[in-house]
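Structure record follows, encoded as structure tokens.
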Amino acid sequence: MSEKKVVIALIGGGYGAILHLNGYKRVHGVDVCIKTLVDVDVKKAKELQKLYGIQNITTGYDDVLKDPEIDIIDIVTPPALHADMVYQALMAGKHVICEKPFTGYFGKDGDQEPIGLHVPKRRMYETVCKELENGKNIVNESKKLFMYAENFVYAPNVRKSAEFIKAKGSRILFMKGEASLRGSSSPVAGQWCKTGGGSLMRNAIHPLTGILWLKKEEAASRGEEIRVISVNADAGRVVPKLSDYERRHLNADPVDVEDNITVTLTFSDGSKALIIGSDTCLGGTKTYIEVYANDATFNCNIAPTDYLQTYFLDEEGISDIYLGEMLPNKLGWNRSFVSDEVLRGYTAELQDFVECVALGRKPVSDYDLAAEAVRLVYAAYTSAEEGRRIDL
């Protein structure tokens with residue numbers, strides 16, 4: 001496909017970095033080199049370096065910005081760092097891959113803390129919208145690629161559904177998407193200043209973006225323009241009302257973020273979409289998109305699938321084998337993650353991105369999709385706080 005070597009610097013060494021590294025291993029047709037890993041945790045970085053054969057590790061972001069060999073900066077850091085890192089990379093002449101979300105509201109000087117309880121969501125929404133306009137200008141002026149790492153857009157079942165919808169000229173009438181877990185492995189997941197929101201921003205932004213992309217594909221196939229015209233949301237924080245004993249199975253500690261939310265989108269063609277996010281779902285993960293069209297129905301289970309079901313009475317000999325995200329143990333019946341990086345879309349996502357750099361084309365998941373997802377997230381937060389529909 002291309003003789004060009006695409007050289008990548010990975011920023012951040014957490015769970016997202018592992019998913020990306022596993023995805024890069026499956027990329028074909030383009031020579032990919034993970035040259036440098038940037039992380040402040042040197043011990044963790046060395047472990048990943050050894051496991052994945054990364055050439056260099058460093059704690060300094062400037063080191064990779066100044067490296068002329070690096071083509072792509074792949075950002076998988078905590079969300080509050082994303083926007084500034086993206087801008088620096090673009091201005092340094094690098095293409096950028098950015099994990100969700102591209103940006104958000106993480107606090108300003110003078111904000112009363114905790115900001116999720118005291119800063120009006122309307123102010124957050126307006127601030128983020130201005131940031132998104134600024135970001136678009138920077139991306140356009142850089143002449144470099146901004147590639148939005150939204151794996152739901154690249155999940156094989158979502159992509160296949162879009163293929164059918166376009167081939168049949170289907171009209172999507174209603175969609176439903178969910179991303180629910182029993183909390184987060186991150187100790188700061190419950191703090192708005194670190195994550196920019198709760199179960200919607202951390203979890204349900206995935207099906208939200210997948211739904212936006214499917215609607216975009218439908219519109220393009222019909223030569224139409226379809227946009228979101230209103231958002232209506234309801235959010236809650238139920239976990240803090242539980243006793244320590246009652247919350248013993250949950251990994252959620254929502255200091256000033258929601259732990260459950262429902263969002264209804266209304267599109268300009270009259271169709272609707274329902275998005276659900278929760279940190280109160282036991283049993284691992286529950287992520288899917290369902291599509292109800294005028295002539296077909298598509299149920300896209302992202303994770304877990306039914307590809308492999310396991311039953312264990314003990315964990316002898318398998319303690320180091322990955323079974324699934326957010327499972328406290330491997331006992332009893334479980335639906336095991338198999339080829340996780342493929343079925344959840346990471347491999348196709350990264351294949352697209354490196355091909356874009358090697359061949360000079362635009363990514364499937366781009367800045368416009370990233371910006372629209374964040375805009376709708378904060379419109380939803382405004383709706384939930386004000387108790388009314390937000391017209392766009």
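Residue numbers count from 1 along this sequence. All values below were derived from every heavy atom in this structure, side-chain atoms included, with hydrogens, water molecules and symmetry-related copies excluded.
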Using only atom types and a distance under 3.5 Å, with no angle test, would you say the side chain of [X] pairs donor to acceptor with the backbone of [Y]?
X    : Y    : answer
T59  : D39  : no
H82  : E99  : yes
Y105 : Y378 : no
Y61  : M85  : yes
R26  : V342 : no
T195 : Q191 : yes
Q49  : Q55  : yes
D279 : S184 : no
K166 : E217 : no

K46, NZ atom: more than 12 neighbouring heavy atoms under 6.0 Å =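 Counting other residues, nucleotides and ligands, NZ of K46 stays at 12 neighbours or fewer.
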query: Around atom NZ of K121, are there more than 12 heavy atoms of other residues, nucleotides or ligands at under 6.0 Å?
result: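 Buried by this count: over 12 neighbours within 6.0 Å.
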Whether the N260 and S199 side chains hold a donor-acceptor pair (N or O, under 3.5 Å, no angle test) is what I'd like checked.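 The criterion, which ignores hydrogens and geometry beyond distance, is not satisfied for S199 and N260.
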Determine whether N140 and Y367 make a side-chain contact, defined as any pair of heavy atoms from C-beta on separated by less than 4.5 Å.
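With C-beta onward as the side chain, the pair stays apart.
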S142 and V139: which non-hydrogen atoms are nearest, and at how many Å?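 It is OG-O, 2.8 Å.
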Parallel, tilted or perpendicular: which one describes the rings of H20 and Y346, with boundaries at 30° and 60°?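 Taking Y346 first and then H20, their aromatic rings sit tilted (interplane angle of 30° to 60°).
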- Give me the ring orientation class for Y154 and F353: parallel if the planes are under 30° apart, tilted from 30 to 60°, perpendicular past 60°.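 Y154 and F353: perpendicular rings.
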Would R122 pass as a cation-pi partner of Y125, given that its NZ or CZ must be under 6.0 Å from the six-membered ring centre and within 45 degrees of the axis?
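No, R122 and Y125 do not form such a contact.
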[X] bridged to [Y] by N-O distance under 4.0 Å:
X    : Y    : answer
E290 : K176 : yes
R123 : D111 : yes
R375 : D368 : no
K136 : E133 : no
E372 : K216 : no

(Q) Tell me which one of R171, R222, K215 satisfies salt bridge (Lys or Arg N to Asp or Glu O under 4.0 Å) with D269. (A)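 The option that passes is K215.
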Stepwise, does the side-chain hydrogen bond (donor to acceptor under 3.5 Å, both in side chains) test hold for E150 with H206? CA-CA 7 Å; E150 176 43 70; H206 289 299; 2.9 Å; yes
Exercise for the section: Report yes if the distance between the aromatic ring centroids of W192 and Y381 is under 6.0 Å, otherwise no. Expected result: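 Yes, close enough.
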Measuring centre to centre across the rings, with the benzene-like ring taken for any Trp, is F146 within less than 6.0 Å of F102?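 That pair passes the under 6.0 Å test.
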